Amino acid sequence: MRRRARRLLAAVALATACAGALVTGCSTVNPYYDPTKPHHRPEGFQNIDPAAWMPRSFGEFFRWQRERRALEIPAPNMDLAAIVPDLGFIRGRTNHFSVTWIGHATALVQIGHTNVLTDPHFSERASPVQWAGPKRWQPPAVHVNELPHIDVVLISHNHYDHLDENSVRALNAQPGGPPLFVVPLGLERWLESVGISHTRALDWWDSVQVKDVTVHLTPVQHWSRRTLADTNTTLWGGFVVEGESRGRTRRVFFSGDTGYSKDHFNEIGKRFGGFDLALIPIGAYEPRWFMSAQHVNPEEAVKIHRDLRARLSVGIHWGTFELTDEPLDEPVADLAAASNRLGLGEREFITLRHGETLRLDPFDNP
Ligand code: ZN
Ligand code: ZN
């Protein structure tokens, strides 16, 4: 009985971890509700095209889980282990433009003198509990206490693989004062509930100046849920970070999780005039019948890269947690095939090793 209860709780942990099913019926009130904004609802938020993402029933979730148990997901062939991070470089506080992939959707973006951390996750599991739910294959390549002082933390949405309580608490307590947590509308209340008050909540297309960068929130096609009763009561989104390194304006896009919607990314590319760097998810996409509305596959990631007019994209959200049915290293092979099929240059859309830093000032490379 106890074992069955644990298995059930583990299934619920997975269902709420990011890729899961939905229970509707919450009766909260959206304090931000603005009837002139189509993505606002009295009880929460919705996608620009509400039909593009529809809630999955628990029946569909359990069908996926049943089919998943019958699969034998091969262990990765690729060596996914982290490399030794260049802590001297990332902690050096020099004026540079770089990105370091720490794992999953956690990346350190350094522009000028500003350190920006995306969707920080340093815990063992992407789950409401640390004894069940999707477990790491790779430890975080950089530990929280090895990071440089973080100025800005971006949280794209409240799924457990993107918003981890232990990690945000640790960052809030960093020496030298807390970072500014920039979040989609509503998530500041959750942060407040865990004792984090240095926050700024944005609606889509709103922006905030932090130190010497400007951060904008953009629409993406996704959803939110942290408990069984708060579906879509907080907003989700992607972020644009604009700043300057060594006299040159730099623009970075970080998408969080998203399904493919050409309109979103064309619009973002048009408004900002393209990007020097885009961080785009390439993993957690199988089975397509369940995932396609919320997670792009590598081919769609390549289309996003094109729509955004990104000069360079780095694939994230793969190789760290096994959330879905594709082998952990399959996104890399699929990305290479899609890049080739769609005519991208060889180094236009790349992946990094866990812990690898990409220096984007050309004269910065050793
Ligand atoms: Zn998600
Ligand atoms: Zn995710």
Side-chain angles (χ1 to χ4, degrees), residues 12-23 44-47 52-56 61 64 101-107 117-123 125-128 133-138 140 153-165 167-168 183-187 190 217-228 230-239 254-261 264 279-288 290-298 300-301 304 314-326 328 330-331 351 354:
V12 171
L14 179 64
T16 52
C18 181
L22 175 74
V23 171
F45 300 93
Q46 65 182 11
N47 285 296
W53 174 86
M54 296 301 279
R56 294 285 180 195
F61 174 73
W64 168 39
W101 187 45
I102 294 172
H104 201 55
T106 309
L117 192 65
T118 64
D119 286 351
H121 200 303
F122 296 87
S123 296
R125 291 180 190 269
S127 167
K135 198 177 173 183
R136 278 182 178 277
W137 277 63
Q138 316 300 333
V153 170
L154 308 178
I155 308 280
S156 64
H157 64 298
N158 69 1
H159 288 155
Y160 284 87
D161 58 324
H162 297 261
L163 173 55
D164 176 63
E165 184 174 338
S167 302
V168 292
V183 299
L185 290 180
L187 263 187
W190 182 87
L217 187 73
T218 72
V220 295
Q221 181 182 301
H222 202 59
W223 61 296
S224 74
R225 188 183 69 199
R226 201 155 179 91
T227 69
L228 294 177
D230 69 351
T231 302
N232 294 351
T233 57
T234 64
L235 188 58
W236 51 93
F239 288 97
F254 163 64
S255 70
D257 279 348
T258 186
Y260 182 63
S261 158
H264 287 102
L279 304 175
I280 302 175
I282 58 168
Y285 52 86
E286 293 285 355
R288 298 308 287 153
F290 195 93
M291 292 298 163
S292 65
Q294 53 182 319
H295 289 165
V296 290
N297 65 14
E300 291 165 328
I304 292 176
V314 170
I316 57 168
H317 203 265
W318 71 278
T320 313
F321 295 104
E322 192 183 85
L323 297 171
T324 53
D325 291 358
E326 79 277 4
L328 273 182
E330 189 183 272
T351 54
H354 288 85

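Each ligand, and each atom within it, is numbered from 1 in the order the structure gives. Fair warning: this is a prediction, and the values are worked out from it, not measured in the lab. The figures here come from the full heavy-atom set of this structure, side chains too, leaving out hydrogens, waters and symmetry mates.
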Of all N/O/S atoms in [X], the name of the one nearest the Zn ion (ligand 1):
{"X": "His222", "result": "NE2"}
{"X": "His159", "result": "ND1"}
{"X": "Asp257", "result": "OD2"}

| Counterpart residues, side-chain hydrogen bond (donor to acceptor under 3.5 Å, both in side chains), relative to Glu330 (two or more places apart) |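 Glu330 satisfies side-chain hydrogen bond (donor to acceptor under 3.5 Å, both in side chains) with Tyr285 only.
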
| field | Listed partners of Thr106 passing side-chain hydrogen bond (donor to acceptor under 3.5 Å, both in side chains), at least two apart | value | none

| task | Hey, can you tell me if Phe254 and Phe239 have their rings parallel, tilted or perpendicular (30° and 60° cut-offs)? | result |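 Rings of Phe254 and Phe239: parallel, as their planes differ by under 30°.
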
| query | Relative to the ring of Trp318, is the ring of His354 parallel (under 30°), tilted (30 to 60°) or perpendicular (over 60°)? | reply |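 Aromatic pair His354/Trp318 classed tilted.
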
| the Zn ion (ligand 2) to nearest N/O/S of His162 less than 2.8 Å | yes

| Do any N/O/S atoms of His104 come under 2.8 Å of the Zn ion (ligand 2)? | no

| request: Decide if the gap between the ring center of His121 and the ring center of His159 is smaller than 6.0 angstrom. | output: no

| task | Could you tell me which N, O or S atom of Asp161 is nearest to the Zn ion (ligand 2)? | result | OD2

